[in-house]
Amino acid sequence: MCGRFAMALDPERLRRFYGLVETPRVQPRYNITPASPVGVVRPRGPHDARRVWRELLWGLVPFWAKQPRLGRMINARAETVASKPAFRAAFRYRRCVLPASGFYEWRRPPGGGPKQPYYFTAANDEPLSMAGLWERWQGEDGS
């Protein structure tokens, strides 16, 4: 999975494409990094399947983590997401979609040198939909 992505899609297009209850307030962003706020699409509630836009921080912190910096994870493997303690509950109950206009992957050029970013988008210019999990975390101080 990527470590950086871009989200520069028209808000009304997002509303229509994902069937959102209302048009999200979004600004184009071209270098979204872990720990940044990101917009996600998720059900409105446990018994309300209507789709809503919510801002979350990128990086899952398991509910049992003592400190958010020590527990923040940005990738889950498909083959272990249902069984790993850090992801198990979120995978079962708290899934979401991260809309993106593209993502970056880095590759070292043949012959060496610094890694170079490559930007990937959908060929038909449709939004990319990345699978996500979300969790609630609260520190001992109530934060």
Side-chain angles (χ1 to χ4, degrees), residues 1-109 113-143:
M1 168 61 188
C2 64
R4 308 260 172 129
F5 71 98
M7 213 304 289
L9 301 167
D10 175 68
E12 182 58 27
R13 184 175 182 202
L14 285 169
R15 186 194 65 72
R16 287 191 315 270
F17 188 84
Y18 291 104
L20 297 170
V21 172
E22 55 191 30
T23 304
R25 293 185 182 149
V26 295
Q27 296 293 323
R29 295 170 56 206
Y30 299 94
N31 189 19
I32 301 171
T33 61
S36 298
V38 295
V40 303
V41 175
R42 70 181 199 197
R44 187 174 185 155
H47 305 292
D48 186 347
R50 290 180 290 173
R51 296 177 185 159
V52 294
W53 182 268
R54 295 290 182 256
E55 288 263 327
L56 305 175
L57 292 178
W58 181 9
L60 188 131
V61 178
F63 69 90
W64 42 261
K66 298 291 182 202
Q67 297 178 355
R69 285 191 175 160
L70 300 177
R72 191 175 304 276
M73 294 169 269
I74 66 166
N75 292 322
R77 293 182 172 271
E79 46 292 352
T80 58
V81 69
S83 60
K84 292 268 186 183
F87 303 116
R88 189 172 39 226
F91 179 70
R92 188 164 183 186
Y93 302 109
R94 290 175 291 281
R95 298 180 190 192
C96 62
V97 172
L98 285 85
S101 48
F103 65 92
Y104 301 92
E105 288 293 343
W106 277 260
R107 184 174 181 181
R108 195 171 306 284
K115 287 185 177 182
Q116 300 209 338
Y118 291 85
Y119 185 62
F120 293 86
T121 63
N124 60 1
D125 200 34
E126 289 291 323
L128 297 176
S129 298
M130 299 184 288
L133 306 172
W134 62 274
E135 188 64 83
R136 284 193 165 93
W137 180 87
Q138 186 170 344
E140 292 176 0
D141 62 356
S143 62

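Here the structure is a predicted model, which is why all the values come from computation and not from measurement.
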Minimum side-chain heavy-atom gap V38-F5 below 4.5 Å: yes
Residue pairs involving residues 75-86 (criterion salt bridge (Lys or Arg N to Asp or Glu O under 4.0 Å); sequence neighbours excluded): R77-E79
Criterion side chain to side chain contact (heavy atoms under 4.5 Å, CB included) on V97 and V40, from CA distance to verdict: CA-CA 6 Å; V97 172; V40 303; over 6 Å; no
Distance, nearest 0.5 Å, that separates CG of L133 from CZ of F91: 7.5 Å
Over 12 non-hydrogen atoms of neighbours within 6.0 angstrom of CZ in R13: yes
Any donor-acceptor N or O pair under 3.5 Å, side chains S36, T33: yes
Non-hydrogen atoms of S101 and A8 that approach each other most closely: OG-N, 3.1 Å
Spatial distance of atom CE (M7) from atom CG (L14) [nearest 0.5 Å]: 5.0 Å
NZ/NE/NH1/NH2 to OD/OE distance under 4.0 Å, E135 and R94: yes
F17 six-ring face occupied by R15 cation (under 6.0 Å, within 45°): no
Y18 and S129: side chain donor to acceptor below 3.5 Å: yes
Shortest non-hydrogen contact between M73 and F87, atoms and distance: SD-CZ, 3.8 Å
Sequence-distant partners of F103, ring-ring contact (aromatic ring centres under 6.0 Å, His included), two or more places apart: F120
Non-hydrogen atoms of P11 and V26 that approach each other most closely: CG-CG2, 3.6 Å
W106 side, atom CH2; Q116 side, atom CD - distance, nearest 0.5 Å: 12.0 Å
For V41, the option from P24, C96, P99 that meets side chain to side chain contact (heavy atoms under 4.5 Å, CB included): P99
Distance in Å, R107 CZ paired with E105 CD, rounded so as to fall on 0.5 Å steps: 11.5 Å
Closest non-hydrogen atom pair between I74 and P34, with its separation: CG2-CB, 3.6 Å
R88 side chain vs S83 backbone, donor-acceptor pair below 3.5 Å: yes
Near-ring test W134/Y93, centroid separation under 6.0 angstrom: no
Shortest non-hydrogen separation from L60 to A90 and the atoms involved: CD1-CB, 4.0 Å
Value rounded to 0.5 Å, distance of CG in L9 from CD in E126: 9.5 Å
Shortest non-hydrogen contact from A6 toward Y119: CB-OH, 3.5 Å
Distance in Å, Y104 OH paired with Y118 OH, rounded so as to fall on 0.5 Å steps: 14.5 Å
Flag, side chain of R108 to backbone of G113, donor-acceptor distance under 3.5 Å: yes
CZ/R51: more than 12 non-hydrogen atoms of other groups inside 6.0 Å: no
